[in-house]
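Okay, structure first, notes after.
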There are 2 protein chains.
Amino acid sequence: MPKLGMEPIRRAALVKATIAEVGDAGSLDVSVSRIAKRAGMSSALAHHYFGGKDQIFLAAMRHTLTVYGAEVRGALVMADGPRSRVEAIIRAGFSNTNFRADVIAAWLNFYVMARTSDEAHRLLTVYQKRLHSNLQHGLRPLIGARAGAVAARMAALIDGIYLRQALSRDAVDGAEASAQVIAALDKEIGQ
Amino acid sequence: MPKLGMEPIRRAALVKATIAEVGDAGSLDVSVSRIAKRAGMSSALAHHYFGGKDQIFLAAMRHTLTVYGAEVRGALVMADGPRSRVEAIIRAGFSNTNFRADVIAAWLNFYVMARTSDEAHRLLTVYQKRLHSNLQHGLRPLIGARAGAVAARMAALIDGIYLRQALSRDAVDGAEASAQVIAALDKEIGQ
DNA sequence: GGTTTTTGATTGACTCGTCAATCAATAAAA
DNA sequence: TTTTATTGATTGACGAGTCAATCAAAAACC
């Protein structure tokens with residue numbers, strides 16, 4: 001069986017399975033066995049590759065942040081003009097890849113994890129800083145010095161809408177969510 | 001020892017201890033034994049009064065919601081005029097009783113719990129509905145038909161700022177948080 | 001008032017299950 | 001044969017929930 005070079009494949013499978021499992025369970029209270037089973041391997045192998053449960057979760061978290069980050073960058077290169085850049089940042093957060101029930105559940109639980117894990121805390125802080133920085137950068141040409149404060153509010157609003165969706169059990173609607181935030185944006189920048 | 005009427009005292013102590021313990025641990029991953037110990041009794045007694053771990057958490061949740069609800073009502077009777085009412089609702093959410101590290105941690109974890117517990121889900125839905133309804137009611141005289149949509153955004157913003165504080169490990173600042181939301185309110189209603 | 005009975009309060013010890021982590025062993029490349 | 005892949009079995013810890021037993025106030029009774 002040992003086809004060489006299994007490691008990256010196994011790791012990816014475990015990360016994917018972790019997100020799915022956390023999404024299903026709704027909490028971080030999922031056993032390594034279950035994750036491993038979903039990923040099609042034994043729990044021992046999961047430990048072999050990741051060293052421990054925390055490492056598995058952190059890897060899953062890094063992955064969601066990486067995907068999100070990539071999506072934002074991708075959207076930004078397509079945007080022309082500051083206003084369009086800000087909208088791109090907003091829409092990226094509510095894209096079909098990020099704004100899914102299981103991913104949202106994972107985010108929520110990462111917030112819980114960040115209260116006890118330094119590494120999780122660090123990662124989420126990076127995300128928040130980046131979101132704020134991106135928004136501020138896009139807003140500055142539009143509203144100058146107010147950009148910092150407005151960016152903070154927009155970021156909080158985005159997170160808040162995320163949180164609502166985490167509670168909602170209905171299907172999520174990224175377009176509707178984006179529209180909400182953009183409406184607030186319009187008010188903040190005066191149309 | 002059986003001084004009659006211990007039950008309500010014990011229950012209250014357990015609820016308080018639960019919030020504190022969840023705040024310390026940062027997650028719902030706290031054993032009944034620890035909660036009971038902090039409340040000054042055996043774990044068996046905790047089970048005796050509440051029946052199970054979930055019941056204890058739900059009671060703690062109901063308590064925080066009750067306190068929050070009372071505070072909002074109290075602030076509303078003091079307010080004169082719609083604008084003042086809306087501000088009162090906002091400030092109540094960030095009051096010293098509600099905007100505390102352990103309480104915020106509890107809220108966050110209740111959101112996680114709501115993904116698996118129907119009763120927790122119900123309670124949080126009640127909170128969200130009530131918050132939205134209160135805001136909408138206060139906003140209607142100010143902006144008419146737009147009140148519903150704006151209330152939704154304000155509610156999400158409040159939750160979002162809460163979430164930020166859940167991540168922050170510094171001391172929380174309710175006044176600053178209120179100011180943020182009120183600034184957004186000003187923009188929404190046009191000064 | 002004194003005795004007995006009842007009942008709420010309380011706990012230590014125990015059961016049962018779960019889970020993270022480890023290890024020894026096997027199999028297939030290189 | 002050395003390295004990589006892989007797993008079944010095992011261990012050690014921990015936690016929820018149960019139970020039988022104890023303790024002491026209070027109520028009922030004489």
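Everything numeric in this text was worked out from a predicted model, so none of it was measured. Each chain gets a letter, A, B and so on, in the order the sequences are listed, and its residues count up from 1.
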Inset, instruction - Decide yes or no on side-chain hydrogen bond (donor to acceptor under 3.5 Å, both in side chains) for A:Asn98 and A:Tyr162, but give the supporting numbers first. - result: CA-CA 10 Å; A:Asn98 296 314; A:Tyr162 238 86; 5.3 Å; no
Inset, instruction - Could you please name the option among D:dG17, C:dG12, D:dT6 that lies closest to any side-chain atom of B:His47? - result: D:dG17
Inset, instruction - Classify the nucleic acid contact of B:Phe50 as base, sugar-phosphate or nothing, counting any heavy atom under 4.0 Å across all strands shown. - result: nothing
Legend entry - Below 4.0 Å: OP1/OP2 of C:dG8 and any side-chain N or O of B:Tyr49: no
Inset, instruction - Flag yes if more than 12 heavy atoms outside B:Arg34 fall under 6.0 Å of its CZ atom; otherwise flag no. - result: no
Legend entry - Nearest-nucleotide pick for B:Lys53, side chain only, options being D:dG8, D:dA16, C:dA9: D:dA16
Inset, instruction - State whether the number of non-hydrogen atoms from other residues, nucleotides or ligands found under 6.0 Å of B:His121 atom NE2 is greater than 12. - result: yes
Legend entry - Side-chain heavy-atom pair A:Leu163, A:Tyr111 within 4.5 angstrom cut-off: no
Inset, instruction - Tell me, yes or no, whether the heavy-atom count around B:His132 atom NE2, taken from other residues, nucleotides or ligands under 6.0 Å, exceeds 12. - result: yes
Inset, instruction - Indicate yes or no for a side-chain donor-acceptor contact from B:Lys53 to the backbone of B:Val30 under 3.5 Å, with no hydrogens or angles considered. - result: yes
Inset, instruction - Pick out which of B:Asn96, B:Thr97, B:Thr66 makes a side-chain hydrogen bond (donor to acceptor under 3.5 Å, both in side chains) with B:Glu71. - result: B:Thr97
Legend entry - Spacing between A:His48 atom NE2 and D:dT4 atom P, to the nearest angstrom: 9 Å
Legend entry - Atom NE2 of B:His137: over 12 foreign heavy atoms under 6.0 Å: no
Inset, instruction - Whole angstrom is fine here: how far is it from CD1 in A:Ile9 over to C1' in D:dT4? - result: 13 Å
Legend entry - Between D:dG17 (C1') and B:Gln55 (CD): distance, integer Å: 13 Å
Inset, instruction - Please work out which residues in residues 10-42 of chain A have a non-hydrogen atom less than 4.0 Å from an atom of DNA chain D and list them by number. - result: A:Arg10, A:Met41, A:Ser42
Legend entry - N/O donor-acceptor pair under 3.5 Å between A:Asn109 side chain and B:Val112 backbone: no
Inset, instruction - Have a look at the helix from C:dG1-D:dC30 to C:dA30-D:dT1 and give the angle its two end axes make, five pairs each, rounded to 10 degrees. - result: 0°
Legend entry - From C:dA21, C:dT11, D:dT7, nucleotide with atom closest to B:Leu45 side chain: C:dT11
